[in-house]
Amino acid sequence: LVPTIGRTILDIVWVGVGNKLMTICNCCPCCCLTRFLVDAGPNLKASLHRMPGIRVQTNDSCIGCGTCEGICIAKAIRVVDGQSVIDQELCRGCGRCIALCPQKAITVTVDDPRYVARAIDHLSPLVDLT
């Protein structure tokens with residue numbers, strides 16, 4: 001699963017730590033956020049962003065079984081003419097569909113090979129690990 005990193009109001013309210021906690025969420029099915037995100041309003045969904053340069057797409061192994069459609073937290077996947085189609089505008093890039101696809105027909109790619117290093121550089125000043 002692709003980590004989603006950020007600070008959320010949920011952390012501030014639930015844990016009561018102010019703006020000091022940075023959450024790393026993997027959008028696993030046991031998480032409280034993913035259980036209600038499917039039915040959340042558009043404002044909350046819009047606050048979650050896919051990492052730049054991440055692309056999730058189906059490949060030729062897709063048989064259109066619909067498993068991915070049912071577990072997508074962003075409702076970004078639809079089965080059309082026997083093939084799963086991922087709406088890149090809606091997709092949050094969490095990778096749940098990749099992890100749960102029985103055919104291993106969904107892949108994630110990172111367009112920029114230096115993305116991880118740039119993300120670390122960007123996040124490092126925001127986190128105090130001492």
Side-chain angles (χ1 to χ4, degrees):
L1 299 173
V2 178
T4 303
I5 301 170
R7 291 188 172 104
T8 69
I9 190 71
L10 298 174
D11 296 329
I12 293 167
V13 172
W14 289 341
V15 184
V17 294
N19 201 24
K20 295 180 182 179
L21 179 66
M22 181 171 285
T23 303
I24 300 174
C25 174
N26 286 307
C27 296
C28 52
C30 62
C31 179
C32 50
L33 182 61
T34 58
R35 288 181 188 212
F36 77 83
L37 190 59
V38 171
D39 299 316
N43 289 342
L44 180 58
K45 286 182 184 182
S47 70
L48 298 174
H49 303 279
R50 179 176 37 186
M51 292 190 303
I54 296 289
R55 183 167 181 81
V56 179
Q57 55 197 16
T58 58
N59 60 40
D60 292 339
S61 299
C62 179
I63 61 170
C65 70
T67 300
C68 55
E69 184 178 24
I71 56 92
C72 180
I73 62 172
K75 296 185 180 178
I77 306 175
R78 297 281 182 257
V79 176
V80 178
D81 297 328
Q83 179 82 20
S84 292
V85 177
I86 300 172
D87 183 328
Q88 296 300 315
E89 292 296 316
L90 295 176
C91 176
R92 297 299 178 241
C94 69
R96 288 184 74 201
C97 56
I98 299 164
L100 297 173
C101 176
Q103 301 301 316
K104 306 295 181 215
I106 306 174
T107 57
V108 63
T109 56
V110 180
D111 295 337
D112 179 0
R114 289 217 0 94
Y115 178 76
V116 172
R118 288 187 309 111
I120 291 169
D121 290 343
H122 174 75
L123 293 171
S124 291
L126 303 174
V127 180
D128 180 7
L129 298 176
T130 59

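All values below come from the heavy atoms of this structure, side chains included, with hydrogens, waters and symmetry mates left out. Position 1 is the first residue of the sequence; numbering continues from there.
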Enquirer: Answer yes or no: does atom CG of Asp111 have more than 12 heavy-atom neighbours from other residues, nucleotides or ligands under 6.0 Å?
Expert: yes
Enquirer: Please report the closest heavy-atom contact between Ser84 and Val79, naming both atoms and the distance.
Expert: OG-CG2, 3.9 Å
Enquirer: Search all heavy atoms of Ile71 against all heavy atoms of Arg96 and return the closest pair with its distance.
Expert: O-NH1, 3.1 Å
Enquirer: Given side chains that start at C-beta, do those of Val110 and Ile54 come closer than 4.5 Å, heavy atoms only?
Expert: yes
Enquirer: Taking only residues two or more places apart in sequence, or in another chain, which ones meet Cys101 in a side-chain contact (heavy atoms from CB on, under 4.5 Å)?
Expert: Gln103, Ala105, Ile106
Enquirer: List, by chain and then residue number, the residues other than Leu90 in its hydrophobic cluster (Ile/Leu/Val/Met/Phe/Trp/Tyr, side-chain heavy atoms under 4.5 Å); write none if there are no others.
Expert: none
Enquirer: Going from OG1 on Thr107 to CD1 on Ile86, what distance comes out if it is rounded to the nearest 0.5 angstrom?
Expert: 8.0 Å
Enquirer: Rounded to the nearest 0.5 Å, what separates atom CD1 in Ile98 from atom CD in Gln57?
Expert: 9.5 Å
Enquirer: How many angstroms lie between atom NZ of Lys104 and atom SG of Cys62, to the nearest 0.5 angstrom?
Expert: 13.5 Å
Enquirer: To the nearest 0.5 angstrom, please state how far the NZ atom of Lys75 sits from the CG atom of Asp87.
Expert: 13.5 Å
Enquirer: How many angstroms lie between CD1 in Ile120 and NE2 in His122, if you round to the nearest 0.5 Å?
Expert: 12.5 Å
Enquirer: In terms of hydrophobic clustering (I, L, V, M, F, W, Y; side-chain heavy atoms under 4.5 Å; direct or indirect links), are Val56 and Val85 co-clustered?
Expert: no
Enquirer: Could you check if a side-chain atom of Thr58 sits within less than 4.5 angstrom of a side-chain atom of Gln83, using non-hydrogen atoms only?
Expert: yes
